[in-house]
Amino acid sequence: TDTADEPAHSSAEQAYAALTAELQTSGFDVVAPLRAGWYNDYIRELGLSTDSTAYLQASGERHASGEEAPFALAPLPDFGRSGDALAILVGNSRAMWPA
């Protein structure tokens, strides 16, 4: 619960800091907040997918998954916040992998 001395964003910042610290102890050293709407706008504008399937259409073959449109990226939910929902990018650099 928020008090008069502690605004709501303070709780969110604390939660983000705790999540970041926990992820970093597990080797995930890339953690960045972003608006879900930024990501959604990007994939919609570019028609972005993680894998090009143009060669399948040209050859008439089907992807091994059997899907008509494999690897299409889905928009992130915004929970009624008009794209302003928080999304968190989590990843790792080579620091996670032993040399």
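Side chains included, hydrogens not; waters and symmetry mates left out as well; all remaining heavy atoms used.
Taking 4.5 Å as the limit, every side-chain heavy atom of Phe28 sits out of range of all side-chain heavy atoms of Thr20.
In this structure, Ala36 and Pro77 approach most closely via the heavy-atom pair CB-O, 4.1 Å. The two residues Ala85 and Phe79 make their nearest non-hydrogen contact at CB-CD1, 4.4 Å.
Listed by first and then second residue, the salt bridge (charged side-chain N to carboxylate O under 4.0 Å, His left out) pairs involving residues 80-93 are Arg35-Asp84 (not counting sequence neighbours).
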Tell me which donor-acceptor pairs under 3.5 Å the side chains of residues 86-95 have, and how far apart each pair is, sequence neighbours excluded?
unit_1 : atom_1 : unit_2 : atom_2 : d
Ser93  : OG     : Asp29  : OD1    : 3.3
Ser93  : OG     : Asp29  : OD2    : 2.5
Ser93  : OG     : Ala95  : N      : 3.3

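Looking at residues two or more places apart in sequence or on another chain, you find a side chain to side chain contact (heavy atoms under 4.5 Å, CB included) between Pro75 and Asn40, Ile43, Arg44.
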